[in-house]
Amino acid sequence: MRMVRKEEMQIKNVIAFAAVITVTMTIVLITFTSLISASAVGRTYDGVSGVLTYEGELPRDANKESRSISVYEGEEIRFENAAGDYVDVIVSGAYEGDADKRSGCMDYPVKANKSWDSSGMKTGYFFKVVEKGTEDPEIGCWFGVEKQSFSLKLEKDKVQEKESFDLSLKTNNKEQGMMELTIEDKEGYSIMNDKAQDIYEVLVHYTGREFDFDPVDVEGKPVCGIVHDAEGKLVFSTSLLNMNAGKYSIILKDHATEVKEDVDIKVEKIYLEVACDETVLKGKDIEIVIESSFYEENVDVTVGTFYNKSLTFDEEGKKKVKIPTDDLDYGRYKVTVEAHGMWDTSYVTIKKCETSIEVQDDATVGDIVHIDGTSESGDSAIFVIDNVFEGEATITDDEFKWDWDTSGELGGYRGIEVFILNESPKNPFAIGDSVSDDWQREAGVDASASIFLFTPTFSMTVSESIVKGDPVVITGTAMGTDHVYVIVFNYKGKVMYPPGVPGNDVPATRTPVDEGEWTKTIDKLNSGDYVVFALSEGKDGVTEAIRDGKWVIGGECKTMEQRVAILMDAVTTAGSDDLYELAYFYVTMPRVRLTVQERVKIGDPISVKVETNVKDAVAAFVSLLSNADIIDETTVEVQNGRGNASFNTNELQPGKYVVTGSIKGEAYDEVGVRLLKAEVMDVVEEVMEVVEEVEELVSQNESETESETMVETIESSAGERELNEGPVGQETPVITWDLLIAAIVAISISIVLRRRR
């Protein structure tokens with residue numbers, strides 16, 4: 001019984017072991033089968049893209065691909081099978097890792113040995129390539145589409161002329177490829193090297209983060225001035241590339257993906273510059289500032305025979321040298337600086353201190369006079385004007401400033417003297433104290449100047465007559481103040497400017513004075529008489545005509561004359577130094593006057609002269625009428641009160657016409673003109689010449705009455721008979737005999753008068 005159970009247990013163990021072995025083999029077989037069916041893929045790279053190789057069945061999930069192959073967006077990929085054959089394929093995607101298609105997924109048929117363009121494809125997802133005609137199973141492989149990214153690194157961002165510098169790929173997620181290299185100057189133009197090669201999109205091969213070939217141009221020739229080194233860097237020679245002093249951009253663009261990055265480098269000019277003050281006060285340091293393009297290199301500095309040292313530039317190529325002068329003699333010394341085979345020379349003079357001041361030539365009493373000064377020594381400047389102490393200024397960084405308030409000063413030339421004091425001596429004066437000649441002589445004048453003070457002046461100008469609608473422009477001059485006050489009344493005493501409540505509540509507004517001149521413009525005054533009163537408070541800055549910022553002009557019912565009297569009384573009180581001007585003007589309606597010749601020969605233009613009292617530019621409307629009908633009209637631009645118009649008469653008939661003109665719709669004038677035929681006009685002119693001669697003879701021999709009678713007779717015969725007029729603007733036949741008779745009468749009278757003389 002026990003033996004049976006033991007055998008049963010052994011059988012159970014064998015069965016269990018066999019089951020475990022079976023499960024294990026099943027798992028191994030499944031795994032091995034999966035490995036056998038997985039695609040073994042690879043790819044190559046060339047200048048444009050490369051070839052992707054596939055073999056075997058396409059796994060269901062992209063994540064089960066045995067090897068990760070990437071295509072970079074922008075590449076053009078060809079596909080071949082493991083046997084090296086190019087056949088028709090279909091590329092589709094994009095897919096998730098579990099082979100689920102995303103929205104917008106498409107199929108792209110690709111002919112044998114043709115390229116598939118990955119431009120615009122979604123990155124970060126999977127695509128599959130399958131041989132056309134294979135369905136179950138599909139022959140092909142999975143691959144991913146990524147976006148290329150790389151970055152550049154310069155060994156240093158600035159170099160000197162003739163130096164070389166290195167450029168490397170700091171990062172790059174693409175295994176291999178070709179890049180286009182361009183060097184541009186600061187204006188965006190590509191540069192050229194010593195062999196006239198244009199450094200524009202020259203080609204350089206890379207593997208990962210290393211450049212592994214020298215760049216070549218479009219013809220495949222090596223590019224002079226750029227090589228690669230053993231570490232995979234590009235080495236640029238600024239001398240062979242003609243990279244003179246300036247800023248340049250180095251641009252690298254992948255030939256296949258067109259991903260681009262750039263870096264800037266500054267090429268500095270080789271230079272050595274020395275700055276040293278031409279003069280130095282004894283007791284102060286000689287300061288030499290050296291700037292160069294030689295970083296952390298030696299520099300030799302020599303000054304006269306008392307200083308000769310070898311120093312080192314800092315990392316920016318700069319050095320400052322200070323040399324005390326306490327024990328040096330006055331005089332001029334040579335400064336020599338030498339570095340890197342270059343040298344520069346300057347000179348420095350050790351001298352005593354100097355003081356100077358700058359003062360304007362003139363000012364007006366009441367002005368603030370600004371005085372700027374320099375002193376190479378001392379702590380304070382004392383100002384004495386005409387032997388009186390007026391003020392003091394502190395000297396800071398060898399400079400001092402002082403403002404002199406000239407209010408209450410006398411006009412004329414004033415002498416300004418400056419005395420420089422050190423920290424130890426104390427100023428012994430108070431403002432307004434007299435300064436003795438002995439003190440001035442002992443202290444010694446360090447600088448002096450003179451200024452002419454003008455007494456304040458004031459004036460005002462306004463046109464006596466102004467046309468309604470034109471602005472009233474009030475101008476004037478003022479010295480010794482930066483503002484004036486202006487008030488305007490009409491003939492009733494009403495305040496027209498400044499606007500405000502009548503009576504004592506009219507604000508006194510300031511009109512600014514700019515470089516001694518001021519202007520106030522008042523618009524749209526009605527016709528009538530006005531008065532303008534302009535005021536400056538004078539050098540004391542106060543006036544009785546203005547209180548609490550308001551004009552003192554009496555109550556509301558004051559007339560113009562009363563208000564003027566109140567103001568005059570305020571500005572002429574005892575002790576007042578107010579400056580004022582008073583002017584009357586009137587505003588009139590606009591007027592226009594036309595001037596036209598009385599007779600015009602047909603064919604000649606009718607010339608119209610327009611005159612108006614409106615001074616500003618204005619349009620005048622001029623019309624030519626016949627029997628109240630407008631024949632022609634024009635618009636004249638009137639400047640400074642004058643303008644001209646003209647009408648063509650070639651198409652008009654003889655007769656009477658009227659010329660009218662208007663401005664602003666308020667001013668109007670009209671004049672008559674007579675148009676005559678050419679032959680009639682000639683006779684009229686001849687008759688008028690005879691009439692003028694007759695009038696002259698009569699004035700010498702006859703009384704004025706007889707002359708007028710004779711003229712009337714001639715005009716009657718030469719005018720009414722020859723120019724017997726019909727309706728206005730209508731031609732009337734002219735009798736030749738009548739014209740001849742008029743001429744004979746006029747000539748006869750002329751002969752008689754000559755004989756009588």
Side-chain angles (χ1 to χ4, degrees), residues 360 362-370 403 405-409 411 452-464 466 470-490 493-525 529-554 558 560-587:
Q360 61 200 72
D362 54 65
T364 303
V365 173
D367 287 350
I368 302 297
V369 176
H370 303 284
D403 292 336
D405 185 356
T406 62
S407 299
E409 298 288 342
F452 188 87
L453 295 182
F454 292 98
T455 54
T457 59
F458 188 70
S459 69
M460 179 182 68
T461 301
V462 61
S463 297
E464 182 179 353
I466 298 165
D470 285 353
V472 179
V473 181
I474 306 168
T475 61
T477 61
M479 302 295 292
T481 182
D482 62 356
H483 66 275
V484 297
Y485 298 96
V486 177
I487 189 168
V488 179
F489 309 110
N490 67 3
K494 181 180 178 181
V495 178
M496 307 306 296
Y497 179 85
V501 180
N504 289 330
D505 292 326
V506 178
T509 59
R510 293 186 172 191
T511 297
V513 176
D514 185 12
E515 295 184 355
E517 297 182 352
W518 58 272
T519 300
K520 176 56 64 180
T521 302
I522 303 171
D523 293 326
K524 298 180 180 178
L525 293 180
D529 295 330
Y530 296 86
V531 63
V532 55
F533 183 86
L535 170 68
S536 172
E537 308 105 313
K539 61 185 179 182
D540 61 4
V542 296
T543 177
E544 293 296 323
I546 298 173
R547 289 196 200 122
D548 299 327
K550 295 181 175 61
W551 285 98
V552 180
I553 55 174
K558 299 295 183 183
M560 179 174 70
E561 291 77 8
Q562 289 172 327
R563 295 196 190 282
V564 171
I566 293 171
L567 289 173
M568 293 297 293
D569 183 63
V571 298
T572 57
T573 55
S576 172
D577 65 349
D578 294 347
L579 300 174
Y580 66 92
E581 287 285 341
L582 185 68
Y584 293 87
F585 64 92
Y586 57 91
V587 177

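Residue indices begin at 1 and follow the sequence shown. Computed over heavy atoms, backbone and side chain alike; hydrogens, waters and symmetry mates excluded.
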Looking only at heavy atoms, what is the nearest atom pair of [X] and [Y], with distance?
X      : Y      : answer
Gly541 : Glu537 : C-CB, 3.6 Å
Thr521 : Asp523 : CG2-OD1, 3.8 Å
Ile487 : Leu567 : CG2-CD1, 4.2 Å
Val587 : Leu525 : CG1-O, 3.6 Å
Pro498 : Val486 : CD-O, 3.6 Å
Phe489 : Met496 : C-CG, 4.2 Å

Under a 4.5 Å cut-off applied to non-hydrogen side-chain atoms, are [X] and [Y] in contact?
X      : Y      : result
Glu464 : Tyr586 : yes
Asp362 : Phe454 : yes
Arg510 : Tyr485 : yes
Leu535 : Trp551 : yes
Glu517 : Thr475 : no

- Message: Classify the ring geometry of Trp518 against Phe458: parallel below 30°, tilted from 30° to 60°, perpendicular beyond 60°.
- Response: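 The arrangement is parallel - the two ring planes meet at less than 30°.
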
- Should the ring pair Phe585 and Tyr530 be called parallel, tilted or perpendicular, given that the plane angle runs from 0 to 90° and is split at 30 and 60?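 The rings of Phe585 and Tyr530 lie parallel, inter-plane angle below 30°.
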
- Residues that His370 engages under side-chain contact (heavy atoms from CB on, under 4.5 Å), provided they are two or more places apart: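 For His370 the side-chain contact (heavy atoms from CB on, under 4.5 Å) partners, ignoring immediate neighbours, are Ile368, Asp403.
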
To the nearest 0.5 Å, what is the distance between [atom1] on [X] and [atom2] on [Y]?
X      : Y      : atom1 : atom2 : answer
Ile546 : Ile553 : CD1   : CD1   : 11.0 Å
Glu581 : Met460 : CD    : CE    : 6.0 Å
Phe533 : Arg563 : CZ    : CZ    : 13.5 Å
Ile566 : Glu544 : CD1   : CD    : 13.5 Å

- For Tyr584, all residues meeting ring-ring contact (aromatic ring centres under 6.0 Å, His included), sequence neighbours excluded: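 Scan of Tyr584 (ring-ring contact (aromatic ring centres under 6.0 Å, His included), adjacent residues dropped) gives none.
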
- Message: Has Thr477 got a side-chain atom pairing as donor or acceptor with Gly516's backbone, closer than 3.5 angstrom?
- Response: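 No: the side chain of Thr477 does not pair with the backbone of Gly516.
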
Sequence neighbours left out, cut at 3.5 Å: what donor-acceptor pairs do the side chains of residues 573-580 make with other protein atoms?
from: Thr573; atom 1: OG1; to: Ala570; atom 2: O; distance (Å): 3.3
from: Ser576; atom 1: OG; to: Val571; atom 2: O; distance (Å): 3.1
from: Ser576; atom 1: OG; to: Asp578; atom 2: N; distance (Å): 3.2
from: Ser576; atom 1: OG; to: Asp578; atom 2: OD2; distance (Å): 3.3
from: Asp577; atom 1: OD2; to: Lys539; atom 2: N; distance (Å): 3.1
from: Asp577; atom 1: OD2; to: Asp540; atom 2: N; distance (Å): 3.1
from: Asp578; atom 1: OD2; to: Thr543; atom 2: OG1; distance (Å): 2.5

- Tyr497/Thr509 under side chain to side chain contact (heavy atoms under 4.5 Å, CB included): CA gap, chis, key distance, verdict: CA-CA 9 Å; Tyr497 179 85; Thr509 59; 3.4 Å; yes

